[in-house]
Amino acid sequence: MFSRFARLTRPSARAAARGLASRAAPVASGNAMRLAAGFAFAMGSVATFAPSTVADCGGLPVYGVPGTNQERTFLACKPDAVQRGLVGDIIARFEKRGYKLVGLKMVWPTEEMAQNHYADLSKKPFFPGLVKFFSSGPIVCMCWEGKDIIKQGRQMLGETQPLASKPGSIRGDFSIDLGRNICHGSDSPEAAEHELKMWFPEGVSDYTKAVDSWIYE
């Protein structure tokens, strides 16, 4: 079926290229022909390669398998991290260590979503301010996979109080104030399951990285 689709698409691309070349010929025939050829190639590429971009995901639950190399955690870049342009730096820390990013999206939480996310802190006096801040702008939701990622992810983030975080941790390098500590990370398998189900109800991507054999024995 796909081969028939490719055969139907390519002639129209060539026809469009010939039409483009003929219209441009009086001005600059050489450049027009090269442009037309590129146009035809691009159209042919769409017909040939577009279907392969559909991911084949599934198998594991969204929260992975705790205690294995497929353990998963939820991490979020809070509104302050997004505003300060730190998302790329934070992702790079985990990628360079060898952890696998299997879920990524930007969400602007409602106050209700923030309340549900921090439900375990609802009795704390700072809860209303925390909810207001967490819902004040977009956050970047991430699902990371790898050996001991829940514990190691928390260590890489640093202490909740940034001034108590060691240099080299994310908060120790990028944050000062407790109310602007830039990241959230699940603190247990139970929390990871709850948070990943909440923020990734559509699931995440199960895939194998070619470098996995160079990260794990």
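For the numbers below, each heavy atom of this structure counts, side chains included, while hydrogens, waters and symmetry mates do not.
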Restricting to non-hydrogen atoms, name the atom on [X] and the atom on [Y] that form the minimum distance, rounded to 0.1 Å.
| X | Y | result |
| --- | --- | --- |
| Q70 | E145 | CA-CG, 3.7 Å |
| A164 | E159 | O-CG, 3.5 Å |
| C183 | L157 | CB-CD2, 3.6 Å |
| V82 | P138 | CG2-O, 3.4 Å |
| W199 | C141 | CE3-SG, 3.8 Å |
| D177 | P162 | O-CG, 3.5 Å |

Is there a donor-acceptor pair under 3.5 Å between the side chain of [X] and the backbone N or O of [Y]?
| X | Y | answer |
| --- | --- | --- |
| T73 | A192 | no |
| R154 | G185 | yes |
| D80 | I182 | yes |
| D173 | P167 | no |
| E193 | P189 | no |
| W108 | S135 | yes |

Any [X] side-chain heavy atom under 4.5 Å of [Y] side chain:
| X | Y | answer |
| --- | --- | --- |
| I91 | L104 | yes |
| M106 | V87 | no |
| R171 | T160 | yes |
| D187 | I150 | no |
| W144 | M156 | no |
| M113 | V107 | yes |

A quick test of your reading: do over 12 heavy atoms of other residues, nucleotides or ligands sit less than 6.0 Å from [atom1] of [X]?
| X | atom1 | result |
| --- | --- | --- |
| K209 | NZ | yes |
| E202 | CD | yes |
| E95 | CD | yes |

Open item on the list: Given the ring of F200, does K105 sit roughly above its face, with NZ or CZ under 6.0 Å from the centre of the six-membered ring and within 45° of the axis?
Closed with: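 Cation-pi check for K105 and F200: passes.
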Open item on the list: Ring-plane angle category for F94 and Y99, please: parallel below 30°, perpendicular beyond 60°, tilted otherwise.
Closed with: tilted
Task: Atom pair CZ (R84) and SG (C77), whose distance is rounded to the nearest 0.5 Å - done: 11.5 Å
